[in-house]
Amino acid sequence: WKASMIHVEQVTAAIERVRVEAVLQFGWTHLELVAVARPGSAIALHGTIAAHGLLARVRRECGPGVVLDVSAVEVLTTGRFAAVPEPGIGLYRRPDRVRDDELATELDPRDGPVEWLTELGGAQLVRASDGTVGWTRATLASVVARPQFLVPAHADTRMISTSWASWLGVAYRMGGTRDTGVDCSGLVQRLLASASLRCPRHSTDQLAIDPQPDLVSDLGTIVAIWSDDEAPCHVGLAVGGGRIVHASRSRGLVVVQTDREFVANARRVAHVPLAGVVELQHRAQGQADLLAVLRPLSVA
């Protein structure tokens, strides 16, 4: 029990560090967590968070040897949803700056409604249906009912084979999801969407769908690499014929390479099979937020 009390202090300090860092990075945070000792080895967390990634940050800050029971942690929700207006909006990491280097993602009406979370200084904090949280100063469309993911009636993966070529040569843009500029995970998300498959927005979340070691390049496979050439956890999508399409930061545009060329300088390689992405659609049935399914709040 004495050890548990020491761990409570350790977890409390970790929560506060994450809170301070999040405010510095994002200009605001909702991280209302309390650590409680309980009989046994785990420390129970109670409270709410605004973004799923905050919980992962707390876990990392706690360090090895601390087991967290987060089953009582809830994700902030207001139940207020709004449609994304034409021609779309950008979500930014801070409410006080709307610059390219602060872009978290870009949303089109086809991405579904966003949930309004709070407002600060004329900017609105919203959560997209893929779990991305960000700020916008755009005027959101009319209030709509809570969205629910539906399993696609027909996921035609052949569309990936026919849609990827139109992205070749598109400029690399961090946070971008459009043919005016796209980053690596945004490209993967859009290519899978061409086959009526939904996946999370960011590469670490995409990899968390069903992470597997080594290189596999079957059609629709998400391939991730860690190298000095690209951003950490850089992702591409296998499009058939042993080829990987990816938005390359080092080259500044979308390119296609053989699978062997793609992993040539990688320190680590992993993949997510297409079957895992398909299975995610079934797990997300009825949900409004993909990350709520991908990152269940359970014992660490």
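All figures in this text were calculated on a predicted structure; none of them were measured in a lab. What's counted below: heavy atoms across the whole structure, side chains too, no hydrogens, waters or symmetry copies.
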Ile244 reachable from Val216 in the ILVMFWY side-chain graph, under 4.5 Å edges: no
Residue list, salt bridge (Lys or Arg N to Asp or Glu O under 4.0 Å) with Arg93, at least two apart or on another chain: none
Asp229 and Ser227: side chain donor to acceptor below 3.5 Å: no
Aromatic ring pairing His234/His246, orientation class (parallel under 30°, perpendicular over 60°, tilted between): perpendicular
Cluster check Val223, Val188: I/L/V/M/F/W/Y, side chain < 4.5 angstrom: no
Salt bridge (Lys or Arg N to Asp or Glu O under 4.0 Å) involving Arg17 - partner list, sequence neighbours excluded: Glu61
With sequence neighbours excluded, residues passing side-chain hydrogen bond (donor to acceptor under 3.5 Å, both in side chains) with Ser248: Glu230, Ser250, Arg251
CZ/Arg158: more than 12 non-hydrogen atoms of other groups inside 6.0 Å: no
Salt bridge Arg201-Asp183, side-chain N to carboxylate O under 4.0 Å: yes
Arg80 to Trp116, cation-pi by 6.0 Å centre distance and 45° axis angle: yes
ILVMFWY network linking Val278 to Leu280, side-chain heavy atoms under 4.5 angstrom: yes
Side-chain donor-acceptor pair present, Ser163, Ser194, cut-off under 3.5 Å: yes
Results of salt bridge (Lys or Arg N to Asp or Glu O under 4.0 Å) for Glu32 - residues two or more places apart only: none
Closest approach of Gln287 to Ala292 (non-hydrogen atoms, all atoms of both residues): OE1-CB, 4.3 Å
Closest non-hydrogen atom pair between Leu140 and Ala82, with its separation: CB-CB, 3.9 Å
With sequence neighbours excluded, residues passing salt bridge (Lys or Arg N to Asp or Glu O under 4.0 Å) with Asp259: none
Shortest non-hydrogen contact from Asp205 toward Pro200: CB-CB, 3.6 Å
Option among Val23, Val18, Val20 that satisfies the side-chain contact (heavy atoms from CB on, under 4.5 Å) test with Leu31: Val18
Donor-acceptor contact present, side-chain Glu106 to main-chain Thr177, <3.5 Å: yes
Pairs flagged by salt bridge (Lys or Arg N to Asp or Glu O under 4.0 Å) wherever residues 189-198 is involved - sequence neighbours left out: Asp108-Arg190, Asp111-Arg190
Connected via hydrophobic side-chain network under 4.5 Å: Leu91 and Leu125: no
